[in-house]
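Any value given below was found using the heavy atoms of this structure, including those in side chains, with hydrogens, waters and symmetry copies removed.
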Amino acid sequence: MSVCIVTGASRGIGRAIAINLSQREDIDIDVLVLMARSREGLDETVRRMNPAKRIYSYAIDLTEYDQVERVVASIYEEFGSIDMLINVAGYANPQSLLETTIENWETTYRINVHSVFLLTREVVKYMKNTGGKILNVASTAGMTPRPGWLAYASSKAAIISMSQTLSEELAEYGILVYCISPGRCATELRRVLAPDEDQSKIMQPEEVAVVVGNLLNNEGTCLDGQNIVVRKQITNALQKVR
């Protein structure tokens with residue numbers, strides 16, 4: 001039985017990925033496990049998914065680290081394997097250096113970096129026995145200077161570095177690690193970063209979800225270990241591959 005965990009699944013890119021994976025026939029997934037803080041958002045995501053899949057959802061704060069460890073253990077105990085982990089959950093409260101409080105900095109890193117580390121560590125305890133796939137969602141903000149976005153941009157840079165390191169470290173277990181860095185995408189998180197932007201004219205979460213699905217099927221095995229930039233013109237091309 002193939003089990004896939006998706007975090008941040010109550011909205012945006014996480015929701016789009018969960019829906020897309022539930023509908024695809026070219027990816028071996030029997031069980032989809034969704035995680036996010038919002039129970040209401042999770043329920044809406046589940047409502048939009050293919051009911052033919054076995055779907056479970058956990059309303060969980062990923063910064064409650066003890067709870068995260070217990071949930072991952074319970075998933076393994078229930079299904080006997082964890083085959084894919086997709087780390088999408090993110091946080092942004094952009095401020096300049098002199099305006100950024102230590103609380104802002106710590107919250108950004110607890111959600112964007114520490115929770116990814118913890119989930120990955122806990123999942124790999126089980127995944128190392130069978131192999132699997134891990135995909136982390138970073139951002140182009142982690143690749144170029146973003147004045148006023150210091151905490152967010154640096155946290156995404158950390159995810160890119162973490163992914164590249166883990167790709168080599170976990171190769172001995174047959175675990176592939178992917179990292180994607182979406183450009184401008186119409187999400188609630190993006191609305192915080194760029195409140196005046198017309199989101200109808202930029203990349204949509206569903207387009208990113210198609211790219212993720214293409215990486216997770218058997219045709220994506222040569223792209224692990226790289227930071228894959230996802231922009232609108234790229235998603236249009238990759239959708240034709242599907």
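Between the side chain of S22 and the backbone N or O of I19, at least one donor-acceptor pair lies under 3.5 Å. Remark: side-chain polar atoms of N136 are not paired, donor with acceptor, to backbone N or O of C179 under 3.5 angstrom. Under a 3.5 Å cut-off, the side chain of K133 and the backbone N or O of N217 do form a donor-acceptor pair. No donor-acceptor distance shorter than 3.5 angstrom exists from the side chain of R48 to the backbone of A16, with no hydrogens or angles considered. No donor-acceptor pair under 3.5 Å is formed between the side chain of S161 and the backbone N or O of A158. Remark: the backbone N or O of M1 is paired with a side-chain donor or acceptor of S81 at under 3.5 angstrom. For T7 (side chain) and V88 (main-chain N/O), a donor-acceptor pair under 3.5 Å exists by modelled atom type. Of the possible polar contacts, none joining the K53 side chain to the Q23 backbone as a donor-acceptor pair under 3.5 Å is found. Panel note: side chain D224, backbone S167; no donor-acceptor pair is recorded below 3.5 Å.
With hydrogens and angles left out, the side-chain atoms of R39 and S57 include a donor and acceptor closer than 3.5 Å. Side-chain contact check for S2 and D28: no donor-acceptor pair (N or O, by modelled atom type) lies under 3.5 Å.
The cluster map of Ile, Leu, Val, Met, Phe, Trp and Tyr, joined by side-chain heavy atoms under 4.5 Å apart, puts I13 and I159 in different clusters. Under the 4.5 Å side-chain contact rule for hydrophobic residues, I5 and L32 do not share a cluster. Cluster annotation: I134 and Y126 are assigned to the same hydrophobic cluster (Ile/Leu/Val/Met/Phe/Trp/Tyr, side-chain heavy-atom contacts under 4.5 Å, transitive). Cluster membership for Y56 and M127, using ILVMFWY side-chain heavy atoms within less than 4.5 angstrom, is shared. A continuous path of Ile, Leu, Val, Met, Phe, Trp and Tyr side chains, each step under 4.5 Å between heavy atoms, connects L118 with L170, placing both in one hydrophobic cluster.
Residues M162 and V113 have side chains in contact (heavy-atom distance under 4.5 Å, counting atoms from C-beta outward). With a 4.5 Å cut-off on side-chain heavy atoms, S74 and Y58 count as touching. Looking at Q164 and N227, their side chains come closer than 4.5 Å, going by heavy atoms from C-beta outward. The closest side-chain heavy-atom distance from H114 to T63 is not below 4.5 Å. Side-chain contact between V31 and E78 is absent, with no heavy-atom pair separated by less than 4.5 Å. Between I86 and L21 the shortest side-chain heavy-atom distance falls below 4.5 Å. Proximity of V33 to V71: side-chain heavy atoms (C-beta onward) are nowhere separated by under 4.5 Å. Inter-residue side-chain proximity for V212 and L135 is flagged as met; some heavy-atom pair is nearer than 4.5 Å.
Remark: T45 engages R15 in a side-chain hydrogen bond (donor to acceptor under 3.5 Å, both in side chains) (not counting sequence neighbours). Legend: residues meeting salt bridge (Lys or Arg N to Asp or Glu O under 4.0 Å) with D61, ordered by chain and number and at least two apart, are absent.
Remark: I102 CD1 to E106 CD distance equals 4.5 Å, nearest 0.5 Å. Atom OH of Y152 is separated from atom CG of N104 by 13.5 Å, given to the nearest 0.5 angstrom. One finds the CD1 atom of I202 at 6.5 Å from the SG atom of C185 (value rounded to the nearest 0.5 Å). Distance check, rounded to the nearest 0.5 Å: OG of S38 to CD1 of I60 gives 14.0 Å. Within the model, atoms OG1 of T130 and NZ of K128 stand 11.5 Å from one another, a figure rounded to the nearest 0.5 Å. In this structure, the separation between CD on E122 and CD1 on I82 is 9.5 Å, given to the nearest 0.5 Å.
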Dump the intermediate steps for salt bridge (Lys or Arg N to Asp or Glu O under 4.0 Å) on D43 and R47, then the final yes or no. CA-CA 6 Å; D43 290 344; R47 189 186 69 79; over 6 Å; no
For M35 and N87: C-alpha separation, side-chain torsions, deciding distance, then whether side-chain contact (heavy atoms from CB on, under 4.5 Å) applies. CA-CA 10 Å; M35 295 183 184; N87 289 304; over 6 Å; no
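In R37, the CZ atom is not crowded: 12 or fewer heavy atoms of neighbouring residues, nucleotides or ligands sit closer than 6.0 Å. By the neighbour-count criterion of 12 heavy atoms within 6.0 Å, atom CD of E168 is sparsely surrounded, having that number or fewer from other residues, nucleotides or ligands. Around the NZ atom of K125, the shell of radius 6.0 Å holds more than 12 heavy atoms that belong to other residues, nucleotides or ligands.
Listed here is the closest heavy atom pair of V230 and M203: O-CE, 3.3 Å. For the residue pair L223 and I228, the shortest heavy atom distance occurs at O-CD1, 3.8 Å. In terms of heavy-atom proximity, N20 sits nearest to G213 at OD1-CA, 4.3 Å. Closest approach of A18 and L34 over heavy atoms only: CB-CD2, 3.7 Å. Minimum heavy-atom separation, G183 to T140: CA-OG1, 3.5 Å. The shortest non-hydrogen separation linking S181 to A138 is OG-CB, 3.6 Å.
A side-chain contact (heavy atoms from CB on, under 4.5 Å) with L215 holds for exactly one of I180, L176, I27; it is I180.
Between R110 and E103 there is no salt bridge, since no side-chain nitrogen of the basic residue lies less than 4.0 Å from a carboxylate oxygen of the acidic one.
Using bins of under 30°, 30° to 60° and over 60° for the plane-to-plane angle, the ring pair W105/Y109 lands in the parallel bin.
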